[in-house]
There are 2 protein chains.
Amino acid sequence: MTATVRRPGRVAKLPPRERILDAAEELFQSEGIRRVGVQAIAERAETTKMAIYRHFATKDALVAEWLRIVAADYQAAFDRAEAEHPDRPREQILALARFIAEGLPAISYRGCPFINSLAELPDRSHPARQVIEEHKALQTRRLVGMCAAAGLPDPEQAAAEITFVLEGAQVSAHNGSIAQPGERLMRIVEGILDRANR
Amino acid sequence: MTATVRRPGRVAKLPPRERILDAAEELFQSEGIRRVGVQAIAERAETTKMAIYRHFATKDALVAEWLRIVAADYQAAFDRAEAEHPDRPREQILALARFIAEGLPAISYRGCPFINSLAELPDRSHPARQVIEEHKALQTRRLVGMCAAAGLPDPEQAAAEITFVLEGAQVSAHNGSIAQPGERLMRIVEGILDRANR
DNA sequence: CCCTGATGATACCCAACGGTATCGTTCGGA
DNA sequence: TCCGAACGATACCGTTGGGTATCATCAGGG
């Protein structure tokens, strides 16, 4: 019975569930949900299909869990914006726009996970759809709150405008129709915020 | 090369190629490209898979041809805007925005074909990608021209802003994050155009 | 030290997909 | 009227997909 000793100095592998989610995140983002098979995720996670189905009931459940993580990342950007600019809602909104603007180069390669998932999962009863819906509703609520705090005359309308612009910048970055989308996005958001101060 | 017309009268079936494209349009739009099989298209078109492969080399070629038609529809909206408001670029842009705004209820059900196709076809060498790229480039060029003709101080920037807003309205209509996206969209575009006149 | 639950590995099932081969039928132009 | 091209129907092929069954192995806690 030779005990297989783990090599010293080698970083311990994460538990399977984490490795699976990491692999799923990379593959779903770079190649799309429907193009990536469970087998491919298992290989990338250095495990097997069986291990995946021990942690997730179906592939759809794995997709939903992945989107839950992505949504949490985006909400964390809201948290950071609020934490780094307390009581300065205008700066919070700009920080948020900067977060999106800085992500555009990556987005241009493969697109926004939420927009893509909506396209890839037309079934409205898919568990991932609910995750997206809730995330977007929360995002809008927080943005409206920031706009109100910033003293914009019509917070709902301003939040809608900022939302459109942020989403549109991601779409345009992806399809390549607009040059320098990041710079343009920042100028636009600044313009929206400045208009209230005139 | 005269088109072979089968029978006079409204009841006559269209030729197979047209029926195939009609069926593909409905199915791709409502259920997504990858979810719809060639067999399903054939059934909807009241023909067979073989007939499809007699008119289109591959499914990918059929997808590209479908997007070519959709792109032509959008470009036709530009044409109409120009024809109905000659020498009034501001009205042309508003007509365009109205065209998008009026399409939002349909978009909210399943999303914009170009955005969805980009998500569903991550392979950058897919023939449909070139169709989308050219369409979006042409759209931007025409919009910049309209903005310049409207006397907006920075036509590229204004065109970028309008593009972002139009695309973002479609995304937001699809994910349901913004109420009344059509009305909001029109107010935003009017605001962009009015800002130059102040 | 041993037992139990989690893990790794392999083989398998069944359905759906894109695409092809074949053959009989239909229809319009010459 | 006749011929060839287009059309319809069906069966088929190879691959890939999600999901399952089985069994050996490993690790940690009682």
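Quick note on labels: first sequence line is chain A, next is B, and so on, each numbered from 1.
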What I want to find out is whether Arg129(B) reaches Asp60(B) closely enough, with some N-O distance under 4.0 Å, to be called a salt bridge.
no

Between His55(B) and Lys49(B), which residue's closest nucleotide on DNA chain D lies nearer the 5′ terminus?
His55(B)

Can you check the Glu43(B) CD to dT10(D) P distance for me, whole Å?
11 Å

Closer than 4.0 angstrom, basic N to acidic O: yes or no for Glu190(B) and Arg187(B)?
no

With a 4.5 Å cut-off on side-chain heavy atoms, are Phe99(A) and Leu166(A) touching?
no

Are any side-chain N or O atoms of Arg110(B) and backbone N or O atoms of Ala119(A), one a donor and one an acceptor, separated by less than 3.5 Å?
yes

With the side chain of Tyr53(B) defined as its heavy atoms from C-beta on, choose the nearest nucleotide among dA9(C), dG8(D), dT20(C).
dT20(C)

Close residues, residues 22-39 of chain A, relative to DNA chain D [heavy-atom separation under 4.0 Å]
Val36(A), Gly37(A), Val38(A)

Give one of base, sugar-phosphate or nothing for Arg17(A), where a contact means two heavy atoms less than 4.0 Å apart.
nothing

Per Lys59(B) side chain, nearest of listed nucleotides dG19(C), dG8(D), dG8(C)
dG19(C)

When you measure from the side-chain N and O atoms of Thr47(B) to the phosphate of dG8(D), is any distance below 4.0 Å, counting only OP1 and OP2?
yes

Only one of Glu31(B), Glu25(B), Glu26(B) passes salt bridge (Lys or Arg N to Asp or Glu O under 4.0 Å) with Arg44(B); say which it is.
Glu26(B)

Looking at the side chain of Met50(B), which of dG8(C), dA9(D), dA21(D) is the nearest nucleotide?
dA9(D)

Just the rounded figure in Å: distance from C1' of dG8(D) to CD1 of Ile52(B).
13 Å

Is there a donor-acceptor pair closer than 3.5 Å between any side-chain N or O of Thr140(B) and the backbone N or O of Ser177(A)?
yes

Nearest-angstrom distance from the residue atom CG of Leu14(B) to P of dC7(D):
13 Å

Rounded to whole Å, please give me the gap between NE2 in His126(A) and P in dG18(D).
11 Å

Mutual orientation of the aromatic rings belonging to His135(B) and Tyr74(B) [parallel < 30°, tilted 30-60°, perpendicular > 60°]:
perpendicular

What is the distance, rounded to the nearest whole Å, between atom CZ of Phe56(B) and atom P of dA6(D)?
15 Å

Nearest whole Å is fine: how far is dC17(C) C1' from Ile41(B) CD1?
12 Å

5'-most by nearest nucleotide on DNA chain C - Arg54(B) or Thr58(B):
Thr58(B)

